[in-house]
Protein chains: 2
Amino acid sequence: MARPRQFDEATVLAAVRDQFWTTGYAATSLDDLLRVTGLGKGSLYAAFGDKRGLYLRVLGDYVDATHGALRALLADSPRAIDGLRRYLTAPAQDPSGADALRGCFLVNSTSELAAADADVLSLSRNAFEERGNILAEAVARAQREGDLSTGTDPQQAARAIVTAQQGIVFMGRTGLDVTELRSVAETLADQILS
Amino acid sequence: MARPRQFDEATVLAAVRDQFWTTGYAATSLDDLLRVTGLGKGSLYAAFGDKRGLYLRVLGDYVDATHGALRALLADSPRAIDGLRRYLTAPAQDPSGADALRGCFLVNSTSELAAADADVLSLSRNAFEERGNILAEAVARAQREGDLSTGTDPQQAARAIVTAQQGIVFMGRTGLDVTELRSVAETLADQILS
DNA sequence: ATTATGGTGGACCGAACGGTCAAGAACTTG
DNA sequence: CAAGTTCTTGACCGTTCGGTCCACCATAAT
C-alpha cells in the first residue's frame, strides 16, 4: 500500500448514481460527475474505469439494493397482501411528488439505453424477472393466507403487479399530481390484489 | 415563389420522428438526422429550426396522431369495452416484439426529458390527461352498455387503464417475451375491465 | 531518511457536437 | 432572356465531449 484514497467509495458511487438517475446517461457529462463527487478525472478513471463502466456499476448496485429492499419489505409484512399493496403503491407515497418525478433509476436506464445497449437490456430484463420471482413468493403466501384467489398462477399475478407498478412509476414522471397518482395506485391495487 | 423544396415535409418529419423515437433526443446527432432525411444542414434548419424545435414539432405531431388514432379505435368499437381492451393490450400485439422494444415515442420522450425540460413535461402531462379524458368517455359508454360496473368514476377508471397500459409498454422495453407480455396484458385487462 | 507505490489534479488531445453562413443552383416572374 | 427569390450544399466555427497522460503528492515499507 501507498497513499490511501482520499474519498469514500460508497459516497462517491451514491453521488454518481444520483446524478445519472436525475439526468440520465447521455446528458450527464464527466464534468458533472467530477463536480458531484469532488474527484479529479484521474482518480475517477483509476478507481472505476470509464463513464459506461461506472454507469453499469452503479446501476448494478442499485438493482441489488432494490431487490434487497423488496425482500425486506415483503418479509416485514405479517400478511403478504399488505406487502404487495405497499409495493404497488410505493411510487405514489412521497407527498412532495419529488420521488415520483424522479422515477426509478432502473426504469429510466431501461428507457434510455435498453434499445441501444445489449448489456443494459439484459440487466433490465433479468432484474424485472427476478423482481417477479420475489413477488411471486409473496403472492403464493398471500394465497395461503387466504387473501388472494388461488385461481391464478402466482408467477403470472406477480408479473401483473410488477407491470402495474411500472405504470404508476411512469405516470409519476408525467407530473401527474401526487394525490391523483396515489388514487390511481389505490384503484389499481384494489383491482389487482383481490 | 422561387425554387421549390426538393423534399416532402411529411416524409422528412416522419423520418426525423422515427430516428428520435428509436435513439432518443440526446443520442441523436444532427448528422443522424441529415442521414435519415437526406437533407443538408441548411435545408433542415431553414425549414424546421434547431434540433430541439424539430424534436418538439415531431413529438407534438405524434401526440396529435395518437389521440386521433385512439378516438378512432374507440369509435370503431361497437361495444366500448372491446375498444378499451384493445387499447390496453395493443402494446403487446406485434408478434415480432419489435414494436414492444421500441415502445412509445411519447413515453420515451417523457422518460428522457420531462425531468429536465419543462416544455416536454407539460406536453406529456397534458397528453396523458387528454388521453384519460378520451378513455373516460369510452368507460362511461361501457358502463351504459352494461359491460362495466357503474360503481367507479369513469375518469378514475380511465386513469387506471392509462396507467396500466404504460406499465405494459414499459415491460415491453425490458425485452420481456411478447407471449408473456401479451399474457400479462390480458391478465391486467381481465382485472381492470370488469 | 530513503525508496517504492499508489493516488491526485489538471493540462492536454482528437473527435464529435450543434449551429452559422455564403456561394451557387433551381425555379418563378416579367 | 434577365432579374429576383428561395432552396441547397458543405465548408467552417466555437464549444464540449470522453478519455489519456504525466508531473506531483502522500503514504507505507525498509
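We name chains A, B, ... by the order of the sequence lines, and we start the count at 1 in each one. Everything numeric here is computed off the predicted structure, so don't read it as measured data.
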Side chain to side chain contact (heavy atoms under 4.5 Å, CB included) partners for Q166(B), two or more places apart: F170(A), M171(A), Y87(B), V107(B), F128(B), R131(B), V162(B), V169(B)
Taking the side chain of [X] as its heavy atoms from C-beta onward, which of [options] lies nearest to it?
| X | options | value |
| --- | --- | --- |
| S29(A) | dG18(D), dG19(C), dA26(D) | dG18(D) |
| D31(A) | dC17(D), dT8(D), dA26(D) | dC17(D) |
| Y45(B) | dT8(C), dT20(C), dC7(D) | dT20(C) |
| D50(A) | dT8(C), dT6(D), dG19(D) | dG19(D) |
| R5(A) | dT8(D), dG7(C), dG19(D) | dG7(C) |

Gap separating the CD atom of E186(A) from the CG atom of D190(A), nearest 0.5 angstrom: 6.5 Å
Between atom [atom1] in [X] and atom [atom2] in [N], what is the gap in whole Å?
| X | N | atom1 | atom2 | result |
| --- | --- | --- | --- | --- |
| K51(A) | dT16(D) | NZ | C1' | 12 Å |
| D8(B) | dC7(D) | CG | P | 15 Å |
| D32(A) | dC17(D) | CG | P | 7 Å |
| R52(A) | dC17(D) | CZ | C1' | 18 Å |
| R35(A) | dG10(C) | CZ | C1' | 18 Å |
| E9(B) | dT8(D) | CD | P | 11 Å |
| F48(A) | dG6(C) | CZ | P | 17 Å |
| L34(B) | dT8(D) | CG | P | 13 Å |

Could you list, one pair per line, each protein nitrogen or oxygen that sits under 3.5 Å from a nitrogen or oxygen of nucleotides 10-15 of chain D, together with the distance?
from	atom 1	to	atom 2	distance (Å)
dG10(D)	O6	G42(B)	N	3.3

side-chain hydrogen bond (donor to acceptor under 3.5 Å, both in side chains) against T163(B), all qualifying residues, sequence neighbours excluded: none
Residues that, via side-chain heavy atoms closer than 4.5 angstrom, fall in one hydrophobic cluster with L121(A): L101(B)
Nearest heavy atoms of S96(A) and D94(A), plus distance in Å: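 Looking at all heavy atoms of both residues, the shortest contact is OG-OD2, 2.8 Å.
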dC7(D) base / R3(B) side chain donor-acceptor hit below 3.5 Å: yes
Pairs where residues 138-169 of chain B contributes a residue and the test ring-ring contact (aromatic ring centres under 6.0 Å, His included) is met, not counting sequence neighbours: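 Sorted pair list comes back empty.
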Salt bridge (charged side-chain N to carboxylate O under 4.0 Å, His left out) partners for E130(A), two or more places apart: R71(A)
